[in-house]
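Contents: one structure, followed by commentary.
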Amino acid sequence: MAALRAATGRIGALRSPASLGAKLVLILTGVGLAGSVALTLLLASVITPSFNQLETRSIDQHVDRTRAALSEYAAKVESAVRDYGDWTSSYDYMAAPSATFERESFSPLAMTNLDVNGMAYIGNDGRIIIARWLRNGVDDPAMRTRLIAAIRGMPFARAIGTGNSASFYTRLGYEVAAVGVAQVRRSDGTGTPRGYVLMARQLSSPQIAELLQLGARLDMANVSDAETITTAPTSMKISVPVRGVNGHAVANTVFSVPRDITTLGQRMLMLAIGGSTLLLVVVLFVLRRIFTRLVLRPLHRVESHMQVVRQSGSLGLLEEEGRRDEIGSLGTSFNSMLSQLKDLREQLEVQSFALGRTESAVAVMHNVRNALNPISTIISKGIAQPPPIDRATLDRAVAELAREDLPQPRREKLVAFVAAAIEAETRDRDERRAQLHDGREAMSQVLEIIGAQQHAAHERPVLEPCNVTDIVAQNATIARYSGEVSIMFGFPAQPHHVMANRLILSQVIGNLFANAAEAIAAKGTQSGTVTVTIDELDGQTRVAIRDDGEGFEPQAGATLFQRGYSTRGHKSGGLGLHWCANSMNVMDGALRLESEGEGRGANAILTLRAAPAEAGAMGIAA
C-alpha cells in the first residue's frame, strides 16, 4: 500500500498543472497541433498547386484539342474549295457561265463527293453567280437563302489576305457551317482572279461530339469570344469559341469533363495529412515517455530529496544512480553544493553585516569624488594656461620707453603695447582669482559632505517605505546556512510595507536570526525551525520571530538587552540585542523578547509603523 501511495503521489505530481510533466504534455500537445497545422499547410502548398497545374494543363489540352478539331474541320473544306478555285474550268465559267459546267461540277453528286452542304460562285463585285445548299442530297431553299444572305456580308478580300484561300465559320440562322473560300484562277495559278468560289459544310452538335469523342455540343445562345471554365466539385464545364471571319465567335463548343485530377489530389492530400499526423502523434507520444523516464523521474527524485532537506534541515547527500549523463552530473553537483553550503553559512552571515557598513562608505566616496572633480579641473587648467604676455617682450618695451631719443610715433606704439599688456595681465589675474574661488567652493562642498556623514552617524536615520517580507526572506536565505545546524524557515509571502531604514532593519532581523540559530544549536539538536509571522493592526506592523531553541526564563527577558550581555559564556560584544533594541527605538519601533522557559524556544517581536497605502502600492509597482 505504501508503494502504491508513493507511485500515486508521483503520478499526481506529474499530472499537476504546475508540474513539469503537465507542462511537457501541454508543450508536446502544442507542438503536435502546430506541427499538424504546419504539415497540413506544407502538404497543401505542395500538393494542391501541383494538381492544380495538372488540371490547368489538362484544361489547356482540351482547349487545344478542340481548337485543332475545329481548324481541321474547316481546313478540309478549304482544301476542297482550293481545287475548284485553281481550275481552268471554273476560271472559264466565271467568264461565261454555262449549264453544262453546272450539271457536271455543281451537281448534287459532285457536292456529295466533296462532302459539302453548300456551294457558290461569287464575282469580284459581290455578284452571286450561282449558289446551292443541299440537305440529305436535295436542295434546301431556306438554307440557300441564308447562305446568300451570309455571303453578302462576308469580306472575302480581307479573309483571304495575301493568300488565295481561307477558311472560317459562319452562322446560318440556327445552324453553324465551316466555310472555305478561294480565288478563281487557272489551274496553273495564272490569270487575274475572276471571283471567288465558296463551299460550306454544316457543323452540328453530334458532329463536334464525334470529333472530340466527348459529350460536346454547340451553344449559340451564350456566345463568348474567350474560353471560359466553370468548375464544380466533381466536374468542370469548358467553352471554346467557334470563330467567324471577323475573329468573333459565332457559337461556342461546350463540353464537361470530370475533375479526376483534382479528386485524386484531394484524396492524396488527405492521405498524406492523415499519415503524417499519425506519425507525428506516435513520435510525440514516444518522446513524452522517454522524457518522463529519463528526465522527469530523476528530477522528481532530486526535488523530493530537496523537500526532505528543507523540512528536516539535514544536509544529507543524494543517493547517486551512477549515471554518466547530464542528470548524473546534476546529482553530483547537487551533492557538492550540499557539502559546500555548510562551509558558506558563517561567511555569508559575516559578509551580510559588512555589506551594510560598506554601502554607506561607498556612497560617501562617490559624492566626494564628484565634488573633487571640479577642483582637479581648475588646477589642471591653471597649470596648462600660458601667461597672457611674454615677460621678456614687455621688459624690452619698458627699456625702450626709457630712452629720451625715442621717436614720438614709436613711443606711442610702445605705450599702447604696455597698456594692453598690463590690462591682459590684470584680466588673467582676475580669471585665476575667480577659478580659485570656484575651487574653494568645491572644497567647501567636500568638507560639507564629510561633515554631514559624520553628523548623520549621530542622527536619526531616514525612514522610508520598505517591504519587511522581502527583508525577512533575504536574511532567512543567509541565516539558514549560518551555523552548525540545519534550520527550516517559514514566513508569509504577502508583502508588508513598513516605515524603517532598510539597511538597519535588515541588520536587526539578521542578528535575530543568528541568535535564533545559536539558540537551536545550544539546545543540542541538529535541526530546528524558525517561524516568522507578520500582522498589521491600527497602523502598526508586528513581526514575530519564533524559534524552537533553548529559550530562557521569563524573568531574564529585560537582562538580555544590557550592553555586552550574552547567555553564552564563550561570546561577548558584537551588535547584540542592545544595539538591536536601540536601532528599533531610533526607527520609532520597539523590540521585545518572550519565552515560556528554558527548552521551550523564544519569540522576538518587532513593532514598526506601517507604511501609507500609497507608498506600499508604489513599492509593489516598483
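- The side chain to side chain contact (heavy atoms under 4.5 Å, CB included) check on E464 picks up nothing, with sequence neighbours excluded.
- To the nearest 0.5 Å, atoms CD1 (I504) and CG (N582) are separated by 11.0 Å.
- Contact annotation: the side chain of L593 approaches that of F552 to within less than 4.5 Å [non-hydrogen atoms, C-beta and beyond].
- Residues G528 and D548 approach most closely at CA-OD1, 3.6 Å, considering heavy atoms.
- Contact between I471 and C466 at its shortest, heavy atoms only, is CD1-SG, 4.2 Å.
- In terms of the side chain to side chain contact (heavy atoms under 4.5 Å, CB included) criterion, residue partners of R609 (sequence neighbours excluded) are, by chain and number, L463, M499, Q540, D588.
- Summarising the geometry of L505 relative to V498, their closest heavy-atom pair is CD2-CG2, 4.2 Å, with the distance given to 0.1 Å.
- Residues N515 and D547 fail the side-chain proximity criterion, which asks for heavy atoms closer than 4.5 Å.
- In this structure the side chain of T529 reaches within 4.5 angstrom of the side chain of T531, judged on heavy atoms.
- Side-chain atoms of R502 and D470, non-hydrogen and from C-beta on, do get closer than 4.5 Å to each other.
- A distance-only check finds a donor-acceptor pair linking the side chain of N467 to the backbone of H496 [under 3.5 Å].
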Decide yes or no on side-chain contact (heavy atoms from CB on, under 4.5 Å) for L591 and I605, but give the supporting numbers first. CA-CA 6 Å; L591 169 64; I605 301 174; over 6 Å; no
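- With contacts defined as side-chain heavy-atom distances shorter than 4.5 Å, the pair I509/V532 does not qualify.
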Begin with the C-alpha distance, continue with both residues' side-chain angles, and end with the deciding distance and a verdict on side-chain contact (heavy atoms from CB on, under 4.5 Å) for T541 and I534. CA-CA 7 Å; T541 299; I534 304 176; 3.7 Å; yes
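- Of the possible donor and acceptor atoms, one in the side chain of T426 sits under 3.5 Å from a partner among the backbone N and O of I422.
- Distance check, rounded to the nearest 0.5 Å: CD1 of I487 to OG of S527 gives 9.5 Å.
- Here the OG1-CE distance, from T607 to M587, works out to 11.5 Å after rounding to the nearest 0.5 Å.
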Verdict with reasoning, V543 to L608, per side-chain contact (heavy atoms from CB on, under 4.5 Å): CA-CA 8 Å; V543 181; L608 291 164; 5.6 Å; no
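- A salt bridge between R433 and E431 is absent, with no side-chain N of the basic residue lying under 4.0 Å from a carboxylate O of the acidic one.
- Going from atom CD1 of I290 over to atom CZ of F285 covers 10.5 Å, rounded to the nearest 0.5 Å.
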Let's go through E598 and R600 carefully: what are the C-alpha distance in whole Å and the side-chain angles of both, what is the deciding distance for salt bridge (Lys or Arg N to Asp or Glu O under 4.0 Å) to 0.1 Å, and is it a yes or a no? CA-CA 5 Å; E598 291 185 359; R600 304 184 67 176; over 6 Å; no
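- Using a 4.0 Å cut-off between charged side-chain N and carboxylate O, R427 and D430 make no salt bridge.
- Across all non-hydrogen atoms, the minimal contact from I545 to F513 is CG2-CE2, 3.6 Å.
- Among all heavy-atom pairs drawn from G551 and S595, the shortest one is CA-OG, 3.7 Å.
- Annotation for T469 and P492: closest pair CG2-O, 3.1 Å, computed over non-hydrogen atoms.
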